[in-house]
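Here is the structure we will look at.
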There are 2 protein chains.
Amino acid sequence: MSNRTRILRLSRYKNAALRLKSLNFLKVFSDNLADATGVTASQVRKDFSIFGIEGNRRGGYQIDELLTQLNKVLGKDKLQKFIIVGIGNLGRALINYQGFVKSEIKILAGFDIDPAKFNRKADALILPMEELPGFVKTNEVELAILTVPEFAAQEAFEKLRNAGIKGILNFAPIRLKSDDKVIVHNLNLETEFENLIYFVNTHTVPQD
Amino acid sequence: MSNRTRILRLSRYKNAALRLKSLNFLKVFSDNLADATGVTASQVRKDFSIFGIEGNRRGGYQIDELLTQLNKVLGKDKLQKFIIVGIGNLGRALINYQGFVKSEIKILAGFDIDPAKFNRKADALILPMEELPGFVKTNEVELAILTVPEFAAQEAFEKLRNAGIKGILNFAPIRLKSDDKVIVHNLNLETEFENLIYFVNTHTVPQD
DNA sequence: CGCAAATTGTGATAAAAATCACATAATAAC
DNA sequence: GTTATTATGTGATTTTTATCACAATTTGCG
């Protein structure tokens, strides 16, 4: 009882709660979160109930308490260290992205095979692939982002697997052959574009 | 009978078929596509059947014919023109991304409020926001990508809406208030990261 | 040509996800 | 302190989505 869409919704609730907190709200109700995220109020409550997150009848949810619990469920109560393989346009953008700094996500280093991209400065460390296994071990990294071209994806994936990486966010447009040692989450930008195109062309409104 | 996940799967089938075509395959069976995309063969057939895509019993699907039909359903039988608003790390990466060139997706121009980012060269046109409505009209653009910071998202959205944009791929971490004139597809990278973190931390395997 | 093998297409069935609806509890008002 | 009001939490129900299973059809082979 823990599918992907439900977890995605928990993330959204957390973001909505954070925004309300920044507006000095102290408590929040299921229908506030529902409005902010575009689901029904009972969906919110059901999701919470499945993860044992409780509020007070009539009193709603204390935002601070709620955030603590959501972060705990989502594993954001501790720093999550990533590396990134493939420093093209997208890889570079992610490494420079400032949106994660306030959250518990940190991209420690990038890796590439192109010496022209290497960079030993601490703020945007880019290292040769050969150093990947050592780096992963020393820094106890479990998570990786894969932003290499399609033809290089499977090989890069094997290297990450062998280095002991446990989870990969894969932007390469290919389904990686994996056993269940490594969890791969695929995110294909072209597919997302196509999805939007479909709904615009058919004038139908998807329920997000 | 046309939800988002089903359309996402059609995109994946298309990508898988393209890959097989590049390996000189002429026909493909539902279980090939199933293997390549990680679903069941009957799911593939059911998806096709819902969109009236037919193969031959015993003969499978002719790849060329299948691609034509999938592209038609997905609206990729004609060029889809995008603009992009917000030229930060991610916006710049998408504008420079080469992955779309072979597909029917083209990003015509970027828009920003920062004069330092303006660029009138044809290959990576970046214009001031004031020129957006005119550009959209002249070039008959219906689709946009929104990569501005959270605080600027709602305002940028209104401008896109007023300019006549019909669909928006929104990377800003906020749910935009919209009527049904504009279709908004939200894609929050932090949420995707959190999703992976959850499944790695809980050692559960999501069915992708 | 006729039989065997393989694959589709889809109605029936099962599983999963979302919504409903209401008893239960907390809060506020007087 | 009693009553009225407002939210939650969750079992029951409905809706949606996916799988099963098999008849129908095509292809290949002797």
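Computed from a prediction, not measured in an experiment: that's the story for all the values here. In what follows, every chain begins at residue 1, and chains take the letters A, B, ... in the order their sequences are listed.
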Problem set entry | Heavy-atom donor-acceptor pair, B:Asn139 side chain to B:Val141 backbone, under 3.5 Å | no

Problem set entry | Point-to-point distance, once rounded to the nearest 0.5 Å, from CD of B:Glu140 to CG of B:Leu108 | 11.0 Å

Exercise. What are the residues of residues 24-36 of chain A, sorted by number, that bring a heavy atom to within less than 4.0 Å of DNA chain C?
Worked result: none

Problem set entry | Phosphate OP1/OP2 of D:dT17: any B:Gln43 side-chain N/O under 4.0 Å | no

Exercise. Do B:Asn89 side-chain atoms and A:Asn96 backbone N/O form a donor-acceptor pair below 3.5 Å?
Worked result: yes

Please produce a list of atom pairs where a protein N or O lies less than 3.5 Å from an N or O of nucleotides 11-14 of chain D.
residue, atom, partner, partner atom, Å
D:dG11, O6, A:Lys46, NZ, 3.2

For this session: Measure from CG on A:Asp47 to C1' on C:dA16 and round the result to the nearest Å.
Result: 14 Å

Exercise. If you look at every strand shown and take non-hydrogen atoms under 4.0 Å, does B:Ser42 touch a base, only sugar-phosphate, or nothing?
Worked result: base

Problem set entry | Greater than 12 external heavy atoms within 6.0 Å of B:Glu155's CD | no

Problem set entry | Contact list for DNA chain C against residues 52-61 of chain B - heavy-atom distance below 4.0 Å | B:Glu54, B:Gly55, B:Asn56, B:Arg57, B:Arg58, B:Gly60, B:Tyr61

Exercise. Within this structure, what is the CD1-to-P distance between A:Ile50 and D:dT8, rounded to whole angstrom?
Worked result: 16 Å

For this session: Send over the distance from A:Arg6 CZ to C:dA17 C1', rounded to a whole Å.
Result: 7 Å

Exercise. Does a side-chain N or O from A:Thr40 land closer than 4.0 Å to OP1 or OP2 of C:dA18, or not?
Worked result: no

Seminar exercise, completed: So the salt bridge (charged side-chain N to carboxylate O under 4.0 Å, His left out) pairs with at least one residue in residues 76-94 of chain A (sequence neighbours excluded) are A:Lys76-B:Glu190, A:Lys76-B:Glu194

Seminar exercise, completed: dist B:Gln154:CD -> B:Lys159:NZ (nearest 0.5 Å) comes out at 12.5 Å

Exercise. What class does the angle between the rings of A:Phe193 and B:Phe100 fall in, given that below 30° is parallel, 30 to 60° is tilted and above 60° is perpendicular?
Worked result: tilted

Seminar exercise, completed: Hits for salt bridge (charged side-chain N to carboxylate O under 4.0 Å, His left out) against B:Asp179, two or more places apart or cross-chain, chain-then-number order -> B:Arg161

Exercise. When the nearest nucleotide of DNA chain C is assigned to B:Arg45 and to A:Arg45 on a heavy-atom basis, which residue is associated with the more 5' position?
Worked result: B:Arg45

Problem set entry | Separation of atom CZ in A:Arg4 from atom C1' in D:dA18, rounded to whole Å | 17 Å

Problem set entry | Spacing between B:Phe51 atom CZ and C:dG9 atom P, to the nearest angstrom | 15 Å

Exercise. With no hydrogens and no angle check, is any side-chain donor or acceptor of B:Thr147 less than 3.5 Å from a backbone partner on B:Val85?
Worked result: yes

For this session: Would you confirm whether A:Asp112, through its side chain, and A:Lys117, through its main-chain N or O, come within 3.5 Å as a donor-acceptor pair?
Result: no

Seminar exercise, completed: If each end axis of the helix from C:dC1-D:dG30 to C:dC30-D:dG1 is fitted on five C1' pair positions, the angle between them, to 10 degrees, is 10°

Problem set entry | Test log, rule side chain to side chain contact (heavy atoms under 4.5 Å, CB included), inputs A:Phe157 and A:Val184 | CA-CA 10 Å; A:Phe157 166 77; A:Val184 179; 3.8 Å; yes

Problem set entry | Between OG1 on residue A:Thr202 and CG on residue B:Leu74, distance to nearest 0.5 Å | 10.5 Å

Problem set entry | Phosphate OP1/OP2 of C:dT10 contacted by B:Ser49 side-chain N/O (<4.0 Å) | yes

Exercise. Any side-chain N or O of A:Asn3 under 4.0 Å from OP1/OP2 of C:dA16?
Worked result: no

Exercise. Under 4.0 Å: is that the gap between some side-chain N or O of B:Arg9 and OP1 or OP2 of D:dA18?
Worked result: yes

Exercise. Is A:Asn32 reaching over with its side chain to a backbone N or O of A:Phe29, donor-acceptor style, under 3.5 angstrom?
Worked result: yes

Problem set entry | Under 3.5 Å: donor-acceptor pair, side chain of B:Lys166, backbone of B:Gly164 | yes

